[in-house]
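So the structure is just underneath, and the comments pick up after that.
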Amino acid sequence: MRQKELRLALVCYGGVSLAVYMHGVTKEIWHLARASRAYHCPGGEVLEGVTGVYRDFLEEIEKTSHLRLRVLPDILTGASAGGINAVFLAQAIHSGQSLEPLTDLWLENADVSELMDPEAQPVWRYAKFWAQPIAEWFLSRPGNAVTESVSPETRHEVRTKVSNLVRGRWFNPPFSGSRFSEMLYEALESMADTPAGKPLLPPLHPIDLFVTATDFRGHPEMLRLNSPSVVEETEHRMPIDFRGITPADAGAGIADPLELVLAARSTASFPGAFPPLVIDEIDRLAAQAGHHWESRGDFLARIMPGHVRKGTVESVALIDGSVLVNAPFGAALSAIEARTSQREVDRRFVYIEPRPIRRNENDEAASRPVGWFGTIFGSLSTIPREQPIRDDLERIEQRSKDAASLKRIVMGLRPEIDRAVEKLFGHTFFLDSPTPKRLANWRAKAQDAAAQRAGYAFGAYAQTKYSAIIDRLAQLTHSAAPELALADCAPIANALRHELEHRGLTTLTDESGGANAAAIGFFRAHDIGFRVRRLQLLARRLSRDWEVDPEIPDDALDVARGRIYEILALYRRADDNAILGAKLGDGFRALARRVLEEPGQLLDFLAERRLLPEQDLEAERMLADALAEMPRNLKRRMLLTYLGFPFYDVATLPLTRSEGLVEYNPVKIDRISPEDALSIREGGTQSTLRGIEFYNFGAFFSRAYRENDYLWGRLHGAERMIDLVASTVEGGIPGEMLRRTKHEAFLAILDEEAEAGRCGMGLIETIRSEIEQKFV
């Protein structure tokens with residue numbers, strides 16, 4: 001039985017009221033992850049509705065394709081209203097809480113009448129009576145926006161609400177930022193109040209959440225040039241990121257609720273509709289809710305260090321993240337670099353695009369001259385938000401090509417390295433009991449042999465390792481000392497390098513071509529990367545190469561994988577910014593602030609506290625115990641790989657270092673859009689979604705529109721999730737099985753919504769009849 005992880009990096013676009021559709025899609029990702037967790041970790045949980053359909057689908061794949069698949073959505077990014085969906089989905093995945101309260105937020109509260117600031121509403125029928133003719137003309141003139149873009153049955157509702165906007169407060173945002181923040185907080189509190197299941201990712205698995213915001217006034221950032229050496233520019237992008245390590249128990253959020261509210265509220269502050277977010281708004285919400293925001297200082301120092309240094313936090317104004325970054329692929333791509341895998345991984349980037357086709361060649365407007373206002377509005381808003389993601393996709397594709405090339409290099413090296421290790425130790429060495437002392441001696445012997453065989457290449461390898469370690473130490477120090485206000489880590493890296501040269505590390509190799517004593521001491525004290533890469537190679541072999549060998553029992557592979565990842569966790573804890581920062585404490589932060597004057601003290605501190613000798617001893621003991629329990633053929637392969645790793649590392653580290661490749665997994669890209677989900681109704685976006693009306697604000701003016709888009713989001717999400725799961729099965733799955741699963745999922749979703757009473761029965765029955773006609 002092969003095992004595989006389908007890992008999803010989700011990118012949620014901005015889309016104004018189309019966020020309701022995106023919520024329906026993310027809800028199906030949540031249901032699929034719940035089904036996958038329950039399938040792999042059964043605990044008596046009864047799965048009903050569409051979750052049960054997904055679980056049965058995974059079981060049927062295992063029976064027919066001999067593939068045990070787990071679905072792990074572990075990277076979530078978003079901008080604008082898509083950022084809200086990313087925030088809540090990440091919270092549900094990390095905590096095990098229900099996503100249902102967010103549905104109520106979108107269907108009940110995402111309406112102009114609920115979002116409108118009380119001070120912006122007309123206080124009586126004849127308020128701004130002089131504005132009424134303007135409103136009437138705007139809403140009833142030939143070719144007006146309502147007549148052209150809103151369906152007839154909803155025009156009265158839309159006209160009424162638009163009239164209130166026109167006759168309300170002018171030259172100020174009509175929607176209340178404070179009310180919006182309160183709604184977000186209430187939804188998170190409702191999630192916390194519902195019974196929670198287990199988290200949807202395995203314990204200790206990382207989850208990354210990233211949303212974009214725009215710092216309206218900007219903050220200073222330093223750039224390093226040739227001349228002048230440093231310049232200051234104003235940066236307006238403000239990424240807000242969270243990283244969680246999945247707990248074993250349910251209920252723990254990925255961050256403080258107020259921090260999640262700040263992220264969601266700021267990324268969705270559509271210019272002109274909402275006022276910019278200021279920190280005081282969140283402080284007032286905390287006081288109103290009686291919530292002690294304990295991590296306030298650390299959080300603000302992390303996301304806006306420049307403002308914290310200058311004391312300008314209170315004047316920060318954050319607006320919609322889509323102004324500058326509407327599709328944050330880059331954050332998702334950087335997040336996968338530190339991922340390890342316990343089995344074969346199929347990594348997917350999945351982006352939700354409700355309206356991919358916006359230009360109609362036959363539209364009369366396409367042939368008209370571009371007007372004055374249209375030019376301004378398009379340049380400032382429409383074009384930046386709708387710019388295609390070609391550059392991001394090409395970068396991801398190139399990374400996948402580089403990963404595939406590197407994998408071929410490693411595969412080509414394997415026979416030669418296996419022969420070198422067997423020649424070095426003899427064909428029977430693996431019969432010896434692998435005690436920690438023997439492992440240490442074997443490892444040292446293999447490293448010396450790899451250095452000797454590498455010849456002149458070893459010097460370049462050693463320099464690559466040396467530079468990588470210094471850069472990593474500089475990064476850790478830089479993140480711990482924002483008070484230094486440095487443009488980047490370069491000054492810290494230079495200070496550390498000069499200190500090491502002063503201590504004798506002017507060269508790294510001796511006359512024989514191997515590492516000299518000073519270099520060996522430095523690598524032993526600081527080179528966590530070498531230890532992690534060695535274990536990752538073992539994990540990849542266990543997950544991809546040896547899993548299909550019928551001579552190796554599955555239970556032996558499972559035990560070996562578990563032990564390898566326990567050892568990896570030892571070293572990950574010594575190199576994770578959040579964990580390490582807490583472990584090293586204020587002493588490290590104080591030394592970091594003085595690193596430019598006293599770099600030696602910081603180096604000594606990290607050598608003593610970051611990677612303790614006891615960790616290496618414990619890792620060797622754990623590996624020796626694991627090898628002793630393995631069948632002979634698996635133990636032999638493990639030892640050949642473990643001892644052969646220095647040979648691989650000498651050959652590949654310069655490549656992985658320059659390309660930033662930690663894993664050899666190619667990345668595939670999938671889109672979720674009405675244009676890609678046509679099993680029920682043809683026509684894509686135009687024939688299914690109503691939120692596209694009134695310039696994508698349509699769903700904010702009509703509950704019926706929100707119900708429609710939410711329901712289609714669930715249906716399209718279900719179809720694309722089933723397609724995506726099926727695509728990871730080599731050779732595919734039978735068409736009838738795919739068709740039956742979609743049919744069952746569609747009906748289960750309609751039954752759930754009919755029982756919940758959230759969507760009109762007319763809508764549900766109309767879609768049900770279409771399904772039965774298509775799947776008859």
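Just so it is clear, the structure is predicted and the values come from calculations on it, not from any experiment. All residue numbers refer to positions in the sequence shown, counting from 1.
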inquiry  = Show me the pairs that pass salt bridge (charged side-chain N to carboxylate O under 4.0 Å, His left out) and involve residues 275-286, at least two apart or across chains.
reply    =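 For residues 275-286, and leaving out neighbouring residues, the salt bridge (charged side-chain N to carboxylate O under 4.0 Å, His left out) pairs sorted by first residue read Arg265-Glu281, Asp280-Arg284, Asp283-Arg296.
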
request  = Can you tell me which residue pairs pass the salt bridge (charged side-chain N to carboxylate O under 4.0 Å, His left out) test with a partner in residues 298-307, sequence neighbours excluded?
outcome  =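 Listed by first then second residue: Asp241-Arg302.
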
Excluding sequence neighbours, so at least two apart, what forms salt bridge (charged side-chain N to carboxylate O under 4.0 Å, His left out) with [X]?
{"X": "Arg714", "answer": "Glu28, Glu752, Glu753"}
{"X": "Arg179", "answer": "Glu182, Glu186"}
{"X": "Asp208", "answer": "Arg243, Arg339"}

With sequence neighbours excluded, residues passing ring-ring contact (aromatic ring centres under 6.0 Å, His included) with Phe274 = Phe175, Phe180

inquiry  = Taking the six-membered ring for Trp, are Tyr710 and His23 closer than 6.0 Å centroid to centroid?
reply    =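 They qualify: ring centres under 6.0 Å apart.
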
task = Side-chain contact test, heavy atoms from C-beta onward, threshold under 4.5 Å: evaluate it for Met304 versus Met238 and give yes or no.
result =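 The answer is yes; the side chains approach within 4.5 Å.
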
key: Contact check, side chains of Leu260 and Gln91, non-hydrogen atoms, under 4.5 Å   =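 Of all side-chain heavy-atom pairs linking Gln91 with Leu260, at least one is under 4.5 Å.
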
key: Test ring pair (Phe, Tyr, Trp, His ring centres under 6.0 Å) applied to Phe329 and Tyr351, step by step   = CA-CA 9 Å; Phe329 277 85; Tyr351 69 98; 5.6 Å; yes

ask   = Between Asp215 and His307, do the side chains contain an N or O donor and an N or O acceptor separated by less than 3.5 Å?
value =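 His307 and Asp215 do have a side-chain donor-acceptor pair below 3.5 Å.
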
query = Can you check side chain to side chain donor-acceptor pair (under 3.5 Å) on Thr685 and Glu675, steps first, answer last?
reply = CA-CA 6 Å; Thr685 302; Glu675 306 296 328; 3.2 Å; yes

